[in-house]
Amino acid sequence: MKKYSIQTLNENKRMSTQELLQLITAKVEEGYTDFEINACGQHNIGGSVWAKDRAQSLHFLLRNPGQRVGAMALKGTDIFVEGSAPADVGWLNSGAEIIVDGDCGDTAAHCAAGGKIYVSGRVGTRSGALMKHDPKFESPEFWVLKNTGSFSFEFMGGGIAVVCGYDCDEFSSVLGNRSCVGMVGGVIYVRGKIQDIAECVKIVNLDENDINFLNSGLKEFLNKINKLDLYTSLSNFLDWKKIIPCTKNDNTKKMSVSEFKEKVWVKDGIFSDFVRDDFKVFPIPSPGEGRFHIPSWNAENCINCKICINNCPQSAIEENDKIYKSNPEKCIGCGICSAVCSKKCWTISDNRQEIA
Ligand code: SF4
Ligand code: SF4
């Protein structure tokens with residue numbers, strides 16, 4: 001294992017992110033696999049590099065990194081951060097093992113698609129959002145010893161997250177507020193108080209498979225962060241719950257869009273303090289005479305590719321012996337036919353003045 005140390009601050013001159021990443025890439029090409037880096041906030045350290053000999057692993061020991069530690073990092077990379085790390089740790093992690101021996105800023109594990117991320121402290125807002133799982137590869141895992149900030153696990157589509165709720169007595173929820181909004185896949189194991197999570201998920205008890213997974217995974221996690229002494233206090237699995245998305249068979253309360261905007265989105269949304277909104281929801285555009293735009297077809301350049309037919313959301317376009325027309329009873333005047341036609345056969349005329 002060839003080791004290379006990098007000081008990114010020399011005589012008050014700071015190495016830029018670009019210089020650092022280029023230096024790492026050059027040293028990897030020379031066969032170095034083991035890096036110790038004293039960073040000064042440089043971004044993206046540890047991401048998207050392969051060892052010259054692909055059978056070898058790359059190892060990074062980092063201090064004081066900037067955003068996106070291990071962004072898009074690959075299988076065969078392991079990263080250890082001594083102390084805390086700012087936002088986007090493991091962004092789109094693609095297989096690396098990333099250990100942060102401290103807290104993480106916002107959006108840790110954001111979009112993570114593979115590998116394992118272990119955090120020995122807390123993680124910030126929107127952590128775990130958009131995690132995903134391609135079944136061709138192993139599921140990504142995201143382990144947090146303490147708690148997450150609000151809005152975490154938004155739009156989670158797959159993967160496994162574990163929030164151990166250690167040292168969280170002062171918090172009313174170990175997932176903050178409004179977490180799991182739009183979650184459609186994956187699983188979150190949580191120990192501790194949960195409140196104010198999205199209506200699209202449900203909280204259920206663990207089954208035997210869950211307990212087996214947690215039992216072995218917890219030991220590995222605590223070992224990685226050098227806190228095996230916490231195993232006894234964290235391994236009472238009656239203290240744990242599982243959060244999974246509701247399915248269409250779950251009897252979830254449905255809201256209208258305007259009700260959602262008024263009661264949920266704007267009230268708790270990120271612009272809620274200053275947004276001005278009359279909560280009006282525009283009706284679905286109507287077909288017929290009232291539509292704003294009317295498409296008309298010109299045969300001259302038409303190559304009969306049928307792309308317009310295939311893209312019309314209303315199935316309004318009819319073709320008969322290579323003559324195309326839009327059925328006004330179905331057409332809503334959206335203009336998609338014109339936008340997708342490479343031969344510019346569709347002209348959209350404005351009908352609004354007529355309506356006025
Ligand atoms: S997309 Fe354009 S070229 Fe293709 S069939 Fe429709 S009108 Fe003709
Ligand atoms: S304007 Fe929209 S609805 Fe009407 S024919 Fe074109 S694609 Fe279909």
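Whatever order the structure lists ligands and atoms in, that order sets their numbers, starting from 1. Treat the numbers as computed from the prediction; the structure is a model and nothing was measured.
Side chains of Asn44 and Arg68: a donor-acceptor N/O pair is absent below 3.5 angstrom, by distance only. For the 3.5 Å distance criterion, the side chains of Asn205 and Lys241 qualify, holding a donor opposite an acceptor.
Atom NZ of Lys306 has more than 12 heavy atoms from other residues, nucleotides or ligands within 6.0 Å. Taking a 6.0 Å sphere around CG of Asn310, one finds it holds more than 12 heavy atoms contributed by other residues, nucleotides or ligands. Taking a 6.0 Å sphere around CD of Glu300, one finds it holds 12 or fewer heavy atoms contributed by other residues, nucleotides or ligands. Within 6.0 Å of the NZ atom in Lys227, the count of heavy atoms belonging to other residues, nucleotides or ligands exceeds 12.
Here Glu319 has no heavy atoms under 4.0 Å from ligand 1, in either its backbone or its side chain.
Residue Tyr324 has at least one heavy-atom neighbour below 4.0 Å for each of these atoms of ligand 1: 5 (S). Of all atoms in ligand 1, listed by their number and element, those nearer than 4.0 Å to a heavy atom of Lys306 are 4 (Fe), 5 (S). The Trp297 neighbourhood of ligand 1 comprises atoms 7 (S), with distances under 4.0 Å to a heavy atom of that residue.
Residue-and-atom listing of protein N/O/S atoms under 2.8 Å from atom 6 (Fe) of ligand 2, sorted by chain and number: Cys337 SG.
Taking 4.0 Å as the cut-off between side-chain N and carboxylate O, Glu29 and Lys2 do not count as a salt-bridged pair.
A tilted orientation is assigned to the rings of Tyr324 and Trp297, their planes being inclined by 30° to 60°.
At a cut-off of 2.8 Å, Cys305 is not counted among the residues with an N, O or S atom near atom 8 (Fe) of ligand 1.
Nearest protein neighbour of atom 3 (S) of ligand 1, counting heavy atoms only, is Ile303 N, 3.6 Å.
The residue from His59, Lys116, Lys224 that alone fulfils the side-chain hydrogen bond (donor to acceptor under 3.5 Å, both in side chains) condition with Glu97 is Lys224.
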